[in-house]
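Quick notes on the structure that follows.
Note that the structure is a prediction, hence the values are computed from the model and not measured. Residue numbers begin at 1 in each chain, while the letters A, B, ... track the order of the sequences. Computed over heavy atoms, backbone and side chain alike; hydrogens, waters and symmetry mates excluded.
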Protein chains: 4
Amino acid sequence: MREAAIEAFAENGYGSTTTRQIAARLGMSPAAMYPHYRSKEELLYAIAYEGHDLALRVVRDADLPDADPIARLISIIRRFVEWQAQNHRRARVIQYELTALEPDHYRAITGLRRDTTKVVRDVVDLGIESGQFTVPDAEGVTLALMSLCVDICRWYPSGRYNEPDTLSTLYADLSLRLVGAVH
Amino acid sequence: MREAAIEAFAENGYGSTTTRQIAARLGMSPAAMYPHYRSKEELLYAIAYEGHDLALRVVRDADLPDADPIARLISIIRRFVEWQAQNHRRARVIQYELTALEPDHYRAITGLRRDTTKVVRDVVDLGIESGQFTVPDAEGVTLALMSLCVDICRWYPSGRYNEPDTLSTLYADLSLRLVGAVH
Amino acid sequence: MREAAIEAFAENGYGSTTTRQIAARLGMSPAAMYPHYRSKEELLYAIAYEGHDLALRVVRDADLPDADPIARLISIIRRFVEWQAQNHRRARVIQYELTALEPDHYRAITGLRRDTTKVVRDVVDLGIESGQFTVPDAEGVTLALMSLCVDICRWYPSGRYNEPDTLSTLYADLSLRLVGAVH
Amino acid sequence: MREAAIEAFAENGYGSTTTRQIAARLGMSPAAMYPHYRSKEELLYAIAYEGHDLALRVVRDADLPDADPIARLISIIRRFVEWQAQNHRRARVIQYELTALEPDHYRAITGLRRDTTKVVRDVVDLGIESGQFTVPDAEGVTLALMSLCVDICRWYPSGRYNEPDTLSTLYADLSLRLVGAVH
DNA sequence: AATGAATGAGGCTTCATTCAT
DNA sequence: CATGAATGAAGCCTCATTCAT
């Protein structure tokens, strides 16, 4: 049911998607949603929470605590980009439809997002400390790295970049440029 | 009227915004929209067309045909970033609500977006030719440059980056890194 | 303006016709009606009054006070049928849209209709008195004569009966049969 | 629900009747109609189809294939007139509101009406063949017979003719006069 | 006399949701 | 757990009408 909702929300937006459309994708009646979710908003919240939780896990799993900052950044960006590309519909929903959440729900998601950013930020800070990264501003560069990855869901797939692998290779390279780790 | 609609769409999304809400912002009746726009979708189209047309103009005006690629890229990115930051609500609407447009309208917007990207792409190509830029792939780097700028409307303002000028300085620097014009 | 309204009302019915449609037929703005008629209902009333007044005049003019009942009935029916056929759109409006009139207006029309029926009824009565007509019931036969004529606007033109003249010849014959003046 | 709609349409016309009015007659909400009919027009079509189907059945049931044309015509007209009188509200709707139907629906109804007319026409033709009827034109007389019956819904009840039986007796007599079967 | 913009009311219909089954 | 019918609220939009111009 979440699958169906994700596709519908991704295509039309939360506000323009009706419970009937979601139900129709499942061949069920609109009322069938209610034993599972208390409301359309709760369904969105379930999707958003699961999605951001997954993204956080992906980033954390990709991190290599014992490796050097360059290898860590490459690993994180590669996996995060792949995930964004593979889950671009889901990503679109959980990035762009958050304003429809109720305040409490919105806050819960914000927490997960902060945690995800923190993983990247920590590696950036470490790279600066070790002198491998040269950046004007750690916050700004982290912002740009996250922005690049998150924005994938807006345009992917497009042109030559229609495979997770192609894209993650490009973005891993670009991320090293952004942190000034290429000479 | 477009102003009011932009704010409403930016806050709640097109699908979740009602014609009543837009009219309420203007202190008018919901019917007052109809002598000016044939439908809610036409209002969105007017906003989207105007916005993308403006963005294209901004980028073209910022270009310096006689300058060298580095100066041109800096100028374009600075102005584009400033515009995205200053118009982040409008930008959000014209970037994220496009799926609500009818096919014909959608296509018209797509054309303007391609033109905007082209301006950046041409400078990237020139920089490569002149040897000032070192990039793995012109298409991919252009994609990233545009992505970075367009995504501003999703998060701006945030943290230290809450002034167009601060942000454009950061992004001008980052863009040179992306094209490999920094050593 | 009445012409335009008649055509619109006849095609779509009073309730389904908008002031915009009427105005559009005249190439004018919807507001242009109001200097001439106080409301849509007043426009209908003007049409209905004029129409029923005309019909009454047609029937009275067709009557031949000095002729014998058979000649009179033939003349009346012929002219009335011709008028109904020639003005079938107008007739449709003034027969079928009366329920949309305000009570006072409705009553005014009812008076004209009664007068029209009276012209026919008087000839029927005279024919009975003179022994030329043999009818079971003057009221019933008058009802049927009027019914036949008034119903023309529902179906005319159709099949072979698409000329006022053809139809009036048929109906003159049939009316003599109804009053029992044929042997 | 069809009952309620028939009364409302008969009183005010289709275009002047609102879905709210129909629902109010049933003590239900305006939305209650939609699980049963897709639109107001579909409700009208259901009423029109059922009505014309019923009328056709009434006429066919009244026909007496083995009897002589005079008895057959009397039987058909009596039953048809009775039905028109008893169902004058329904008849009004299904005769006068047909222009509000969509083309496909309109055509379906037209077919049923032709079938109904055919039943009468066949008897007229038979009467002519057998020499019992003397008519100037079978098509014209059939037209008049149908016209007389169909028009009942416009004026019934009125004056002395406020009982189906009284009326059917009158019209059976008049129909014999129209076909020239009275001497 | 005619218009374009505006409006309050309300048009038809759809919405998310409920509830008896 | 799933449904079909129902609903109150509201969706977008159109209505007849007004009014300043």
Which heavy atom of B/Ala32 sits nearest to which heavy atom of B/Met28, and what is that distance? CB-CE, 3.7 Å
Could you say whether A/Arg38 or D/Ser39 is positioned toward the 5' end of DNA chain E, judged by the nucleotide with the nearest heavy atom to each? D/Ser39
Taking Watson-Crick and G-U wobble pairs with both distances under 3.5 Å, convert DNA chain E into its dot-bracket string, 5' to 3', dots for unpaired and | for cross-strand pairs. .||||||||||||||||||||
Please check if the number of heavy atoms outside B/Gln86 that lie under 6.0 Å from its CD is greater than 12. yes
Provide, to the nearest angstrom, the distance between the OH atom belonging to D/Tyr34 and the C1' atom belonging to E/dT13. 5 Å
A/Met1 CE to F/dC1 P, straight-line distance once rounded to whole Å: 12 Å
Atom pair distance, as rounded to whole Å: CD1 in A/Ile22 and C1' in E/dC15: 12 Å
Taking atom P of E/dC15 as reference, at what distance in whole Å does atom CG of A/Asn12 sit? 11 Å
Residues A/Tyr34 and A/Thr19: closest non-hydrogen pair is OH-CG2, 4.2 Å
How far apart are the closest heavy atoms of D/Pro30 and D/Arg20, and which atoms are they? CG-CG, 3.9 Å
Heavy atoms under 4.0 Å, any strand shown: does A/Ser16 hit a base, just sugar-phosphate, or nothing? nothing
Whole-Å distance, C/Lys40 NZ to F/dT18 P, equals 15 Å
Please check if any side-chain donor atom of D/Arg154 sits under 3.5 Å from a side-chain acceptor atom of D/Tyr96, or the reverse. no
Nearest non-hydrogen partners of C/Leu98 and C/Ile109, listed with the distance: CD2-CG2, 4.0 Å
Summary of protein contacts for nucleotides 2-10 of chain E, nucleotide by nucleotide, where a base hit scores B, a sugar-phosphate-only hit scores S (4.0 Å, heavy atoms): SBB-SBB--
Side-chain donor-acceptor pairs under 3.5 Å in residues 39-48 of chain A, sequence neighbours left out?
from, atom 1, to, atom 2, distance (Å)
A/Ser39, OG, A/Glu41, N, 3.3
A/Ser39, OG, A/Glu42, N, 3.2
A/Lys40, NZ, A/Tyr14, O, 3.0
A/Lys40, NZ, A/Thr17, O, 2.8
A/Glu41, OE1, A/His105, ND1, 3.2
A/Glu41, OE2, A/Glu102, N, 2.9
A/Glu41, OE2, A/His105, ND1, 2.8
A/Glu42, OE2, A/Arg38, NH2, 3.2

Just the rounded figure in Å: distance from C1' of E/dC15 to CD of A/Glu41. 16 Å
So, are A/Arg90 and A/Glu50 salt-bridged, with charged N and O less than 4.0 Å apart? yes
Taken to the nearest whole Å, OH/D/Tyr37 to C1'/F/dG4 is 16 Å
Between C/His88 and C/Pro157, is there a donor-acceptor pair closer than 3.5 Å when you use the side chain of the first and the backbone of the second? no
Counting only side-chain nitrogens and oxygens, does D/Thr19 get under 4.0 Å of the OP1 or OP2 atom of E/dC12? yes
For D/Gln21 and E/dC12, what is the distance between atoms CD and P respectively, to the nearest whole Å? 8 Å
